[in-house]
2 protein chains.
Amino acid sequence: MGKGSLTKIHVVETALNEAVSSGLGGLSFGTLANATGLSKSGLFAHFSSKEDLQKAVVEKAIALFIANVVAPARRQKAGRDQLTALYSNHLDWIAGKRGLPGCPFVIFVQEFDDHNGDVRNALIMSQKLWRRALASAASVAQQNQQINRQAHPGQIAFELVGAALAFQVSHNLLRDRNTRDQALVAFNQIIN
Amino acid sequence: MGKGSLTKIHVVETALNEAVSSGLGGLSFGTLANATGLSKSGLFAHFSSKEDLQKAVVEKAIALFIANVVAPARRQKAGRDQLTALYSNHLDWIAGKRGLPGCPFVIFVQEFDDHNGDVRNALIMSQKLWRRALASAASVAQQNQQINRQAHPGQIAFELVGAALAFQVSHNLLRDRNTRDQALVAFNQIIN
DNA sequence: GCAGAAACCGACCGATCGTGCGATTACTAA
DNA sequence: TTAGTAATCGCACGATCGGTCGGTTTCTGC
């Protein structure tokens, strides 16, 4: 692994941090060159096009999400504990306490949900993967009688995703500092 | 009211339809000029700057939301019927069946939630107004014993907002055509 | 230490960005 | 009909956009 790989990693991380607030469409080689100290043309040694850059940024975001949200929860016992950890880690991720200053997926999804291609496909995969993780933890919790709710695990995952999205709006737009309580009440409502 | 006002209305509507998919940052006077038949400089007779245009677009979106989602529900009896209508109309709005090809607010919020100014303030006001409408309908439904859930009305509003957001992701990104059922199951879970 | 590859840069391209200005057309009130 | 105003246009500006190309530096394997 040459030094170019390290540079590329650094560039992608910088771009991802920028994209959290400006979105993938807001990325530009010019500003990214300034932010990283590289020249604009130097960036093209690593990314053949803007879409290639966007793809790398999305993949990095997914990797960070798995490392900072999913993986730690997997260390909990399967079932309710794991479901709680997944949800709680997700709230931290949204609040900017895990690896990134905020959750980039919502804006990525909005930008690309009507624009077919690799970026959109990656977003679909990660969303399905996330819901499957929630659903499977919920399913085990049901079998162990750790939660009362008897709905389809996919339904529980759907509602947990929703509660986290509402939390994100409350947190980022309304800047409500007490909204984590609402998100936790919602969690109990969903599993009971 | 001269003919300029009509032109302005037409331009704002065109811009709003474009912004549903591209966001407010994706708007440009060039493409907007082509789409409306006006010249680029002619647009500046109506909007003094890009931010001015964005503000007009957001205000139009809010007006459309009120006219197509809130107002029809207000014709229902206060209480559970009204709450159901608000929620159901919201789902239709998200699915592009009411006045616009989709819901623009999520992408607007993501773009402007860390960028203070008139646009952000308008988005905050409309979000609070919407949650208040949900909460007050829920509160009446509680008093009339039409719903079992005894949580704070604000909590119920929070969860309904979340369910609608999950519905939007399922509908637009995953293109799940059966997700309305999930959204309705979530509704019952929230009010019971 | 030397050759070749990998990494990076400066300069440039056509297009488009947001915006200002002066002229021109279309309407309206007297 | 005419004067005045509202609406719109053509043109141009500096900046930035995504992207290309040829050259220079830096590293690596032999």
Side-chain angles (χ1 to χ4, degrees), chain A residues 1-60 107-108 111-112 115-120, chain B residues 1-60 107-108 111-112 115-120:
Chain A
M1 181 166 76
K3 94 173 227 207
S5 313
L6 293 175
T7 303
K8 181 164 183 173
I9 291 173
H10 174 237
V11 170
V12 171
E13 282 172 354
T14 305
L16 177 52
N17 271 275
E18 205 179 294
V20 170
S21 45
S22 71
L24 292 170
L27 287 175
S28 93
F29 285 100
T31 50
L32 194 55
N34 283 343
T36 56
L38 289 184
S39 69
K40 209 171 60 152
S41 53
L43 292 174
F44 278 88
H46 301 285
F47 312 98
S48 59
S49 70
K50 184 174 183 179
E51 203 192 348
D52 193 42
L53 168 67
Q54 293 173 328
K55 205 172 101 182
V57 167
V58 169
E59 280 163 4
K60 179 75 187 181
I107 190 167
F108 291 175
E111 284 180 289
F112 280 82
H115 183 308
N116 288 15
D118 288 345
V119 173
R120 189 182 122 84
Chain B
M1 182 165 77
K3 94 174 228 214
S5 312
L6 293 175
T7 303
K8 180 163 184 173
I9 290 173
H10 174 237
V11 170
V12 171
E13 282 172 353
T14 305
L16 176 52
N17 271 274
E18 205 180 294
V20 169
S21 44
S22 71
L24 292 170
L27 287 175
S28 93
F29 285 100
T31 50
L32 194 54
N34 284 343
T36 56
L38 289 182
S39 69
K40 211 168 58 149
S41 53
L43 292 173
F44 275 84
H46 302 285
F47 312 99
S48 58
S49 70
K50 184 175 183 178
E51 203 193 347
D52 193 42
L53 168 67
Q54 293 172 328
K55 204 172 99 182
V57 167
V58 170
E59 280 163 3
K60 180 74 187 181
I107 190 167
F108 291 176
E111 284 180 289
F112 279 82
H115 183 308
N116 287 16
D118 289 345
V119 173
R120 189 181 122 84

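Every chain is numbered from 1 and lettered A, B, ... according to where its sequence line falls, protein lines coming before strand lines.
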Rounded to whole Å, how long is the line connecting atom [atom1] of [X] with atom [atom2] of [N]?
X	N	atom1	atom2	value
L38(B)	dT19(C)	CG	C1'	17 Å
K8(A)	dC8(C)	NZ	P	12 Å
L53(B)	dT19(C)	CG	C1'	13 Å
K50(B)	dA15(D)	NZ	C1'	14 Å
F47(A)	dC8(C)	CZ	P	11 Å
L43(A)	dG19(D)	CG	P	12 Å
L6(B)	dA26(C)	CG	C1'	14 Å

Which side-chain N or O atoms in residues 52-60 of chain A pair as donor and acceptor under 3.5 Å with protein atoms at least two apart or in another chain?
from	atom 1	to	atom 2	distance (Å)
D52(A)	OD2	S48(A)	N	3.2
Q54(A)	NE2	L24(A)	O	3.1
K55(A)	NZ	D118(A)	OD2	3.4

* If you check every side-chain atom of S49(B), which of dC17(C), dC8(C), dT19(C) has the closest atom? -> dT19(C)
* To do: Taking only the side-chain nitrogens and oxygens of S39(B), find out if one of them lies under 4.0 Å from OP1 or OP2 of dG10(D).
  => no
* Distance below 4.0 Å between H46(A) side-chain N/O and dC8(C) OP1 or OP2 -> yes
* Asked: Side-chain donor or acceptor of S41(A) under 3.5 Å from a matching atom on the base of dG10(C)?
  -> yes
* To do: Confirm from the modelled atom types if K40(A) and dG10(C) form a donor-acceptor pair under 3.5 Å, side chain to base only.
  =>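 Answer no: no donor N or O sits under 3.5 Å from an acceptor.
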* Asked: Hey, which of these two, A45(A) or F44(B), hits DNA chain C nearer its 5' end, going by closest nucleotide?
  ->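 The residue closer to the strand's 5' end, by nearest nucleotide, is A45(A).
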* To do: Using five pairs at either end of the helix from dG1(C)-dC30(D) to dA30(C)-dT1(D), determine the angle between the two local helix axes and round it to 10 degrees.
  =>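 Nearest ten degrees gives 20° for this helix.
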* **Closest-nucleotide 5' rank along DNA chain D - winner of G30(A) and S48(A)** =>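 Its nearest nucleotide being more 5', the pick is G30(A).
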* Given V12(A) and F47(A), is the side-chain contact (heavy atoms from CB on, under 4.5 Å) satisfied, shown in steps? -> CA-CA 10 Å; V12(A) 171; F47(A) 312 98; 3.6 Å; yes
Enumerate, atom names and distances included, each donor-acceptor pair closer than 3.5 Å involving a side-chain atom of residues 26-34 of chain A, sequence neighbours excluded.
from	atom 1	to	atom 2	distance (Å)
S28(A)	OG	G30(A)	N	3.4
S28(A)	OG	T31(A)	N	3.2
S28(A)	OG	T31(A)	OG1	2.9
T31(A)	OG1	S28(A)	O	3.2

